S.K.: 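After the structure tokens below, expect a handful of questions from me.
Computed from a predicted structure; not experimentally measured.
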Amino acid sequence: MRFSDFFRMGFINLRRRKVRTILTAAAMAVGVACIVVLISIGIGYNQTYQESISEMGSLTKIDVTPQRETKGKVALLNDKAVSAFKKLNGVGAVTPVVQVVPYLKSGKYVAPIRLYGIDLTTAESFQITPLKGELPLKGTKLVPQIILTDDVADSFADPQTWEQVKDMKNKPLIDPMNRNIKLTFDYNTLSGQYTEGEDGRAVPSGNIYRIEVTGITSMQNYTYSTSGFIQLKILEELIEGNTDFLPPSNTANDMKNIKTYPLVWIKADDIKNVQGITDVIRKAGFETYSLNDMLESVKKQSRQIQGMLAAIGAVALLVAGIGTANTMMMAINERTKEIGILKVLGTDLGDIVKMFLVESAIIGVIGGTIGLFVSFILQRLLPVLLQEMEVRSIIPIWLAGGAVIFAVFVAVISALGPAINAMRVSPQVAIRAE
């Protein structure tokens with residue numbers, strides 16, 4: 001028999017028992033809808049958390065710091081280490097980072113900021129791009145250039161009350177790019193207060209630098225809240241001239257006269273390379289942190305949830321498979337005489353098996369397609385019906401296609417036993433059956 005003949009006979013036999021076929025296909029549809037919707041909710045959960053983590057910063061950025069425990073040999077986070085990081089496979093950009101907390105002053109208003117000294121040629125790789133203006137690539141120690149985040153203007157306050165200053169329209173009064181801005185590491189210099197030394201004389205105050213704000217960049221969802229960025233070499237020169245007003249962590253970065261860094265940023269060229277890069281760096285004796293670590297934890301938890309939801313849906317599909325097996329058993333009992341006649345006429349035993357398997361496959365296709373249609377309807381309804389729970393359903397193409405294929409597979413497997421029994425029916429007994 002040709003393959004098309006099996007389908008033609010299958011449709012004819014199923015149409016002869018419409019009610020039973022509809023009920024069996026409906027059971028299969030319910031099972032498919034359950035498994036698709038439940039898995040899609042798990043996928044939606046994973047996607048929601050991934051987007052939330054992505055908003056916190058770049059998933060391909062890795063922070064490298066020295067080991068906290070210093071037993072035995074200590075891996076130095078120095079220029080040699082930075083050069084080694086640049087040679088790792090999958091690394092797109094590397095920059096040492098030095099952080100300090102200076103004060104900005106415009107008129108009588110003051111704003112403390114976190115100032116990052118980095119290699120600004122790598123700034124775009126770390127999403128530090130100007131929303132206005134340009135990167136500060138031409139500054140000097142005497143006239144430093146910096147780029148500020150877009151929330152610094154809101155941070156200027158009266159040092160007497162520390163109330164933020166606003167204009168009549170409740171907008172920031174200070175525009176850093178168009179105002180005279182000064183920077184110092186000594187707050188007493190800004191306030192006009194002087195500290196007396198042991199001999200009663202005034203302690204020398206910190207230097208004040210007139211800075212040029214060349215641009216404004218995004219704070220990246222509070223990742224760089226109230227911050228500024230400056231060329232690393234210039235910041236190191238400023239620190240060297242203000243060691244009396246900075247914590248030791250910013251000034252005592254030398255170990256055995258070897259210059260070291262408290263932090264290095266690494267940008268992987270693809271999220272798939274992040275884990276491999278962090279593994280290599282950790283083995284070299286450094287500590288690492290990346291939002292991808294958090295994402296991996298979320299993915300692991302998400303896979304567990306998806307597995308649990310898929311198992312619940314699989315139970316419904318299993319029940320549908322039992323219904324398909326029951327339908328095929330009843331069909332064989334009702335068509336015992338027909339099977340006997342086919343055997344007497346010389347029909348191949350394999351063709352008899354195929355005939356029943358094709359019928360079950362048709363039921364699987366019909367049930368799977370209807371179940372998939374119902375799943376898409378529920379995908380739209382669930383966020384509305386369960387609005388307080390913030391349920392999100394995502395049905396990718398692989399899930400949609402896989403659900404129908406799986407429905408056909410379950411239907412065929414369920415019908416395999418009854419089909420083999422049909423093949424074993426004795427022709428003499430089958431012909432005499434009523």
S.K.: Report the C-alpha distance between Glu287 and Val64 in whole Å, list the side-chain angles of each, state the deciding distance to 0.1 Å, and finish with yes or no for side chain to side chain contact (heavy atoms under 4.5 Å, CB included).
M.R.: CA-CA 6 Å; Glu287 294 186 1; Val64 183; over 6 Å; no

S.K.: Give a yes or no on this: more than 12 heavy atoms of other residues, nucleotides or ligands lie within 6.0 Å of atom CD of Glu124.
M.R.: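 No, because the 6.0 Å sphere around CD of Glu124 holds 12 heavy atoms or fewer from other groups.
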
S.K.: I would like to know whether Ile230 and Leu238 meet side chain to side chain contact (heavy atoms under 4.5 Å, CB included); could you show each step before the answer?
M.R.: CA-CA 11 Å; Ile230 187 173; Leu238 295 178; 4.2 Å; yes

S.K.: What I'd like to find out is whether the side chain of Thr149 reaches to under 4.5 Å of the side chain of Val152, using heavy atoms alone.
M.R.: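 Yes, at least one pair of side-chain atoms sits under 4.5 Å.
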
S.K.: Scan side-chain atoms only and decide if Gln99 and Arg114 contain a donor-acceptor pair under the 3.5 Å cut-off.
M.R.: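 The answer is yes; a qualifying pair exists.
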
S.K.: For Asp158 and Glu163: C-alpha separation, side-chain torsions, deciding distance, then whether side chain to side chain contact (heavy atoms under 4.5 Å, CB included) applies.
M.R.: CA-CA 6 Å; Asp158 186 335; Glu163 291 184 2; 5.5 Å; no

S.K.: Is Gln220 reaching over with its side chain to a backbone N or O of Gln127, donor-acceptor style, under 3.5 angstrom?
M.R.: yes

S.K.: Any donor-acceptor pair under 3.5 Å linking the side-chain atoms of Asp63 with those of Thr288?
M.R.: no

S.K.: Using the test ring-ring contact (aromatic ring centres under 6.0 Å, His included), find all partners of Phe126 that sit at least two apart in sequence or belong to another chain.
M.R.: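 Listed in chain order: Trp265.
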
S.K.: How close do Leu131 and Ser218 get, heavy atom to heavy atom, and via which atoms?
M.R.: CD1-N, 3.7 Å

S.K.: Under a 4.5 Å cut-off applied to non-hydrogen side-chain atoms, are Phe185 and Val100 in contact?
M.R.: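 Side chain of Phe185 against side chain of Val100, heavy atoms only: contact under 4.5 Å found.
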
S.K.: Report the C-alpha distance between Val264 and Val97 in whole Å, list the side-chain angles of each, state the deciding distance to 0.1 Å, and finish with yes or no for side chain to side chain contact (heavy atoms under 4.5 Å, CB included).
M.R.: CA-CA 5 Å; Val264 171; Val97 182; 6.0 Å; no

S.K.: What's the separation between atom CZ in Arg282 and atom CD1 in Ile277, rounded to the nearest 0.5 Å?
M.R.: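 Going from CZ on Arg282 over to CD1 on Ile277, the span is 12.0 Å.
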
S.K.: Assess whether a salt bridge exists between Glu236 and Lys259, defined as any Lys/Arg side-chain N lying under 4.0 Å from an Asp/Glu carboxylate O.
M.R.: yes

S.K.: Given side chains that start at C-beta, do those of Val274 and Ile62 come closer than 4.5 Å, heavy atoms only?
M.R.: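 Side-chain contact under 4.5 Å: yes.
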
S.K.: If the condition is side chain to side chain donor-acceptor pair (under 3.5 Å), which residues does Asn273 pass it with, not counting sequence neighbours?
M.R.: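 For Asn273 the side chain to side chain donor-acceptor pair (under 3.5 Å) partners, ignoring immediate neighbours, are Asp269.
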
S.K.: Going by the rule side chain to side chain donor-acceptor pair (under 3.5 Å), which residues pair with Gln145 if we only count those two or more places apart in sequence or in a different chain?
M.R.: Glu212

S.K.: To the nearest 0.5 Å, what is the distance between OG1 on Thr65 and CD1 on Ile281?
M.R.: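 So the gap between those two atoms works out to 10.5 Å.
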
S.K.: Pairs under 3.5 angstrom only: tabulate donor-acceptor contacts from the side chains of residues 366-378 to other protein residues two or more places apart or in another chain.
M.R.:
unit_1	atom_1	unit_2	atom_2	d
Thr369	OG1	Val365	O	2.7
Ser375	OG	Gly371	O	2.8

S.K.: Judged by atom type as modelled, is there a donor-acceptor pair below 3.5 Å linking the side chain of Ser155 to the main-chain atoms of Asp151?
M.R.: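 Side chain of Ser155 to backbone of Asp151, a donor-acceptor pair under 3.5 Å: yes, one is there.
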
S.K.: In terms of side-chain heavy atoms, does Asp150 have a donor or acceptor partner in Tyr224 at a distance below 3.5 Å?
M.R.: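 Per modelled atom types, Asp150 and Tyr224 side chains form no pair under 3.5 Å.
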
S.K.: Can you tell me how far apart CD1 (Ile128) and OG1 (Thr223) are? Round to the nearest 0.5 Å.
M.R.: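 So the CD1 of Ile128 and the OG1 of Thr223 are separated by 10.5 Å.
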
S.K.: Does Asn89, at its CG atom, have more than 12 non-hydrogen atoms belonging to other residues, nucleotides or ligands within less than 6.0 Å?
M.R.: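 No, CG of Asn89 has 12 or fewer neighbouring heavy atoms, counting only those of other groups under 6.0 Å.
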
S.K.: Using every non-hydrogen atom in the two residues, find where Asp154 and Pro172 come nearest and quote the distance to one decimal.
M.R.: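 The pair with the smallest heavy-atom distance is OD1-CG, 2.8 Å.
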
S.K.: Output side-chain donor-acceptor pairs under 3.5 Å for residues 31-44, partner residues at least two apart or in another chain, one line each.
M.R.:
unit_1	atom_1	unit_2	atom_2	d
Ser40	OG	Val36	O	3.2
Ser40	OG	Val37	O	2.7
Ser40	OG	Ser393	OG	2.6

S.K.: Evaluate the side-chain proximity of Leu115 to Ile146: yes if any heavy-atom separation is below 4.5 Å, no if none is.
M.R.: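 Yes - at least one pair of side-chain heavy atoms lies under 4.5 Å apart.
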
S.K.: Any sub-3.5 Å donor-acceptor pair from Thr122's side-chain atoms to Ser125's backbone N or O?
M.R.: no

S.K.: Are the side chains of Leu183 and Pro144 in contact, using a 4.5 Å heavy-atom criterion?
M.R.: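 SC-SC contact between Pro144 and Leu183 ruled out.
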
S.K.: Do Leu135 and Thr214 have side chains that approach each other closer than 4.5 Å (heavy atoms only, starting at C-beta)?
M.R.: no

S.K.: Could you tell me whether the side chain of Asp119 and the main chain of Thr95 form a donor-acceptor pair under 3.5 Å?
M.R.: no

S.K.: Ignoring hydrogens, what is the shortest heavy-atom contact between Pro96 and Val82? Give both atom names and the distance.
M.R.: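 That would be CG-CG2, 4.0 Å.
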
S.K.: With rounding to the nearest 0.5 Å, note down the distance linking CG in Leu263 to OG1 in Thr260.
M.R.: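 Taking CG in Leu263 and OG1 in Thr260, the distance rounds to 12.0 Å.
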
S.K.: Hey, could you give me the CG/CD1 distance between Leu104 and Ile113, rounded to the nearest 0.5 Å?
M.R.: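 So the CG of Leu104 and the CD1 of Ile113 are separated by 4.0 Å.
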
S.K.: Are the side chain of Thr217 and the backbone of Thr129 linked by a donor-acceptor contact shorter than 3.5 Å?
M.R.: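 Yes, because the side chain of Thr217 sits within donor-acceptor range (under 3.5 Å) of the backbone of Thr129.
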
S.K.: Where do Gly364 and Val408 come nearest, in terms of heavy atoms and distance?
M.R.: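 Scanning both residues, the minimum pair turns out to be C-CG2, 3.9 Å.
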
S.K.: Distance from Glu237 atom CD to Leu232 atom CG, nearest 0.5 Å?
M.R.: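 Interatomic distance, Glu237 CD to Leu232 CG, rounded to 0.5 Å: 10.0 Å.
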
S.K.: To check you understand the geometry: which heavy-atom pair defines the closest contact between Gly285 and Ala75, and what is its length?
M.R.: O-CB, 3.8 Å

S.K.: Sort and list the pairs that fulfil ring pair (Phe, Tyr, Trp, His ring centres under 6.0 Å) and have at least one residue in residues 74-98, not counting sequence neighbours.
M.R.: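 Output for this query lists Phe85-Phe286.
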
S.K.: Can you confirm whether Pro102 sits close enough to Thr184 that some side-chain heavy atom of one is under 4.5 Å from a side-chain heavy atom of the other?
M.R.: no

S.K.: Do Phe229 and Ile118 make a side-chain contact, defined as non-hydrogen atoms from C-beta onward lying under 4.5 Å apart?
M.R.: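 In short, these two side chains touch, coming nearer than 4.5 Å.
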
S.K.: Compare every heavy atom of Val412 with every heavy atom of Ala361, then report the nearest pair and how far apart it is.
M.R.: CB-CG2, 3.9 Å

